[in-house]
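Notes follow once the structure below has been shown.
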Amino acid sequence: MTTDTTGTAARDGEPRRGGPADSPFVRACRREEGPHTPVWFMRQAGRSLPEYREIRANVGMLESCRRPDLVAEITLQPVRRHRVDAAILFSDIVVPVAAAGIELDIVAGTGPVVAEPVRTLDDVERIRPITVEDVSYVDEAVRLLVAELGDTPLIGFAGAPFTLASYLVEGGPSRTHAKTKALMYGDPQLWHALCTRLAEVTVAFLRVQADAGVSAVQLFDSWAGALSESDYRRYVLPHSAKVLAGLADAGIPRIHFGVGTAELLGAMGEAGADVVGVDWRTPLDVATRRIGADKAVQGNLDPAVLLAPWPVVEAEVRRIVAEGRAAPGHVFNLGHGVLPETDPDVLTRVVALVHEVSAR
Ligand code: CP3
């Protein structure tokens, strides 16, 4: 038995009930009826919000992720402003890797940059296992947030082994993932050693968040769409499956997301997700046929549509809510993160529109 933060006891592996566990978001993840289609946005906390730009003006990205007071404030900003159905912890996928001993920075406008890219087994062994002490700021921030959010669920997250490995092997963002694939095809043993270690760190990191009270977790395999289905199944799926299985007894929904993954949707579901994230390239009714009726879907408005005139946005939102009805559960989201140039008032209007057109 573990005591969850709503005060009710949940048996290991059994769904939590009451409070955020009965929210429209968690209900949709579990494929249960709710009052409306829930909506949140990847990157809802961030540069589209003036209050975010202000709070981050003199604080580096990694430093802000390590200060529980800032993490809590930044996480809450979009919840207050847009009335989204879920908060997502403000952090980054490289935070646990840094905690595991890899020297890196998050450079504004570029993304994660790794000082010494991973090339050898010795490099892999530099990635130490992590415990709650290594990420105590995350534990503390989640507890602060769960207390503050009341019935609004908090989503925890981590990067999946392939996407993390890409940053570690390339040394930074890459369009082709060429060095990553060269290692994967050229030295499968080293590749699997690296992904095994990353999966262990990721399970530990998600476990910290689950123990502190998050209501769901999202595993971001943002760059998995660079792979064919057969390579995905051979080199990546077993490691992501280990991460998702490692969280099974937490009793919270697991969302699995990637970009450009039309051909991988079935496999990503098989990795052990309750909800599969879909980008804008695949309509949700088509996606749900690929994923299967035993999983909910999340998505899939093109973030660039938010830059278009409102009638265009409105028509797209209505289409996606309608197509989402083909799935046994639908969480409305974008197909990828909010673009920094997005007008935040448009996001607020989208939330209200999704709630209105999906009201049951
Ligand atoms: O609101 C939220 O979604 C929570 C916050 C969040 C961030 N990063 C904050 C952030 C989440 C969920 C992430 C995950 C993340 N980080 C992913 C997976 C999601 C995705 O976008 O595919 C990836 C690939 C990263 C790596 C990363 N970190 C990139 C590509 C960038 C963008 C670089 C840039 O500046 O445009 C970052 C930096 C980052 N992470 C920012 C934020 C708000 C911007 C830094 C800043 O504001 O100074």
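Just follow the structure's listing: the first ligand is 1, and inside any ligand the first atom is 1. On a predicted model such as this, the values are computed, not experimentally measured, just so you know. Count residues from 1 along the sequence.
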So which of Gly337, Ala87, Gly111 gets nearest to atom 33 (C) of ligand 1, if we judge by its closest heavy atom? Gly111
Any heavy atom of Met42 under 4.0 Å from ligand 1? The part involved is backbone
Among Met61, Arg56, Gln44, closest by any non-hydrogen atom to atom 41 (C) of ligand 1: Met61
I'd like to know if the side chain of Trp223 and the backbone of Ser166 have a donor-acceptor N/O pair within less than 3.5 Å. no
Taking side chain to side chain donor-acceptor pair (under 3.5 Å) as the criterion, tell me which of Asp249, Thr202, Thr131 meets it with Arg207. Asp249
For atom 3 (O) of ligand 1, find the nearest protein heavy atom and state the residue, atom name and distance (0.1 Å precision). Arg43 N, 2.5 Å
Quick check against the 3.5 Å criterion: does Ser23 have a side-chain atom that pairs as donor or acceptor with the backbone of Val26? yes
Check residues 251-259 and write down every donor-acceptor pair under 3.5 Å in which the side-chain atom is one partner and the other belongs to a residue at least two apart or another chain.
{"residue": "Arg254", "atom": "NE", "partner": "Asp274", "partner atom": "OD2", "Å": "3.2"}
{"residue": "Arg254", "atom": "NH1", "partner": "Leu244", "partner atom": "O", "Å": "3.0"}
{"residue": "His256", "atom": "ND1", "partner": "Met268", "partner atom": "O", "Å": "3.0"}

shortest atom 35 (O) of ligand 1-to-protein heavy-atom contact is with Gly109 N, 2.7 Å
What protein heavy atom sits nearest atom 16 (N) of ligand 1, and how far away is it? Asp92 OD1, 2.9 Å
For atom 47 (O) of ligand 1, what's the nearest protein heavy-atom neighbour? Residue, atom name and distance, please. Tyr52 OH, 2.7 Å
Treating Glu341 as the side-chain partner and Leu307 as the backbone partner, does any N or O pair qualify as donor plus acceptor under 3.5 Å? no
Among all protein heavy atoms, pick the one closest to atom 44 (C) of ligand 1 and tell me residue, atom and distance. Arg47 NH2, 3.8 Å
